[in-house]
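Have a look at the structure below, then the notes.
Being a predicted model, the structure only gives us computed values, none of them experimental.
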Amino acid sequence: AEMTAVDAHLATDAGLAKDVKREPGVRVPGALDGFETAIRAVLGQQVTVQGARTLTERLVAKYGAQLERGPEGLNRAFPDAAALANAGAAAIAKIGLPMKRAETLHRLAVASSEGKLPLARGAIAAGRAALAQIAGIGPWTIEYVAMRALGDPDAYPATDIALINALGRKGETLEHLKPWRAYAAVRLWRRAARKGVST
């Protein structure tokens with residue numbers, strides 16, 4: 001993206017103008033693997049960041065393939081879709097997940113292993129549509145995966161609690177910042193992180 005244009009557009013919002021001035025050129029971090037991003041998003045639903053890390057570590061330890069020569073401290077790969085599809089929801093739940101969430105992970109894995117989950121960068125419409133067909137995947141997850149994995153510059157997870165807190169109000173969709181709302185979300189998350197560090 002042409003960051004000068006993105007920043008100029010975001011700076012038209014009085015609430016973001018200071019953020020843009022303080023940190024010009026903030027980009028949206030992408031993800032290398034759309035399936036992993038979707039799984040991590042579901043693991044992170046309704047738990048703390050630390051809780052999501054713990055669940056991810058358990059999932060990798062149980063279903064990730066062993067790496068013979070990984071970097072120091074990395075001895076397993078993230079589980080692929082086939083491994084989770086073959087495991088089944090009941091087995092996945094044993095890492096400490098509610099059954100409904102384990103079923104969602106299993107459905108994601110089955111869809112991906114069957115080639116029905118296009119989560120490559122640029123597959124914005126197809127990826128969004130495929131995610132919406134999976135029971136247990138809601139608007140927040142679709143927007144988050146669209147932002148990080150699909151590369152949608154306008155994705156905006158409006159129900160994210162950190163975004164609501166940063167704005168000080170619910171129900172805000174930042175329509176006036178289209179087509180760059182993903183960049184606004186990243187800036188608002190950064191603002192929330194700075195407040196967390198300073199308190």
Does Leu119 reach the side chain of Asp33, with side-chain heavy atoms less than 4.5 Å apart? no
Heavy atoms from other residues, nucleotides or ligands near CG of Leu32 exceed 12 (cutoff 6.0 Å): no
Can a donor-acceptor pair be found, under 3.5 Å and without considering hydrogens, that links the side chain of Arg181 to the backbone of Tyr156? no
What do you reckon, is CD of Gln66 surrounded by more than 12 foreign heavy atoms closer than 6.0 Å? yes
Heavy-atom side-chain contact between Leu59 and Phe78 under 4.5 Å: yes
Assigning hydrophobic clusters by single linkage (Ile, Leu, Val, Met, Phe, Trp, Tyr; side-chain heavy-atom cutoff under 4.5 Å), is Leu167 placed with Val28? yes
Run Ile134 and Leu117 through side chain to side chain contact (heavy atoms under 4.5 Å, CB included) and show every step you take. CA-CA 10 Å; Ile134 297 173; Leu117 193 61; 3.9 Å; yes
Given the rule in the side chain to side chain contact (heavy atoms under 4.5 Å, CB included) test, do Arg101 and Val42 qualify, once you have shown the distances and angles that lead to the verdict? CA-CA 7 Å; Arg101 196 157 318 141; Val42 172; 3.5 Å; yes
Verdict with reasoning, Asp13 to Val20, per side chain to side chain contact (heavy atoms under 4.5 Å, CB included): CA-CA 10 Å; Asp13 180 279; Val20 172; over 6 Å; no
In terms of side-chain heavy atoms, does Asp154 have a donor or acceptor partner in Trp180 at a distance below 3.5 Å? no
Hey, does the side chain of His106 reach the backbone of Ala87 with a donor-acceptor pair shorter than 3.5 angstrom? no
Do the non-hydrogen side-chain atoms of Thr159 and Pro139 ever get within less than 4.5 Å of each other? no
Can you check whether Gly25's main-chain N or O pairs, donor with acceptor, with Asp7's side chain at less than 3.5 Å? yes
In terms of heavy-atom contacts, Leu84 and Ala109 come closest through CB-CB, 3.6 Å
Got a donor-acceptor contact below 3.5 angstrom from the Arg148 side chain to the Glu143 backbone? no
Taking atom NZ of Lys178 and atom NE2 of His9, what is their separation to the nearest 0.5 Å? 10.0 Å
Decide yes or no on salt bridge (Lys or Arg N to Asp or Glu O under 4.0 Å) for Arg40 and Glu36, but give the supporting numbers first. CA-CA 6 Å; Arg40 285 175 173 270; Glu36 179 178 340; 2.8 Å; yes
In this structure, CD of Gln45 is separated from CG of Leu97 (nearest 0.5 Å) by 10.0 Å
Ile161-Leu163 co-clustered via ILVMFWY side chain contacts under 4.5 Å: no
Backbone N/O of Leu150 and side chain of Arg121: donor-acceptor pair under 3.5 Å: no
With a 3.5 Å distance limit and no angle check, can you tell me whether Thr104 reaches the backbone of Lys100 through a side-chain donor-acceptor pair? yes
State, to 0.1 Å, how close Ala149 and Gly34 come at their nearest heavy-atom pair, and which atoms those are. CB-CA, 3.7 Å
Distance col, row Thr37:OG1 vs Met147:CE, nearest 0.5 angstrom, shows 12.0 Å
How many angstroms lie between atom CG of Asn75 and atom CG of Leu67, to the nearest 0.5 angstrom? 7.0 Å
Does any N or O in the side chain of Ser113 come within less than 3.5 Å of the main-chain N or O of Val110, such that one atom is a donor and the other an acceptor? yes
Is it true that the side chains of Gln50 and Thr48 contain a donor and an acceptor less than 3.5 Å apart? no
Same apolar cluster (I L V M F W Y, side chains within < 4.5 Å links), Ile95/Met99: no
Just how far is it from atom CG of Leu43 to atom OG1 of Thr56, taken to the nearest 0.5 Å? 4.5 Å
Tell me the closest heavy-atom pair linking Gly96 and Arg58, and the distance in Å. CA-NH1, 4.0 Å
Test log, rule side chain to side chain contact (heavy atoms under 4.5 Å, CB included), inputs Asn165 and Leu188: CA-CA 9 Å; Asn165 290 341; Leu188 291 168; over 6 Å; no
Using a 3.5 Å distance criterion without hydrogens, assess whether the side chain of Thr141 forms a donor-acceptor pair with backbone atoms of Ile137. no
Which pair of heavy atoms, one from Ala158 and one from Ile164, lies closest together, and at what distance? O-CG1, 3.7 Å
Where the side chain of Glu172 meets the backbone of Leu174, is there a donor-acceptor pair that is under 3.5 Å apart? yes
Considering only heavy atoms from C-beta outward, does the side chain of Asp160 approach that of Trp189 to under 4.5 Å? yes
Report yes or no: do Tyr183 and Arg187 form a side-chain donor-acceptor pair below 3.5 Å? no
Take Arg191 and Asp19 through the test salt bridge (Lys or Arg N to Asp or Glu O under 4.0 Å) and record every step on the way to the result. CA-CA 8 Å; Arg191 183 191 298 170; Asp19 297 289; 2.4 Å; yes
What one should report as the nearest heavy-atom pair of Gly44 and Ala52 is CA-CB, 3.8 Å
Does Lys94 have more than 12 heavy atoms from other residues, nucleotides or ligands lying within 6.0 Å of its NZ? no
Same cluster for Val186 and Trp140 if Ile/Leu/Val/Met/Phe/Trp/Tyr side chains link at under 4.5 Å? yes
Heavy-atom nearest pair, Ala182 first then Asp152, reads CB-O, 3.6 Å
Side chain to side chain, Leu108 and Ile39, heavy atoms closer than 4.5 Å: yes
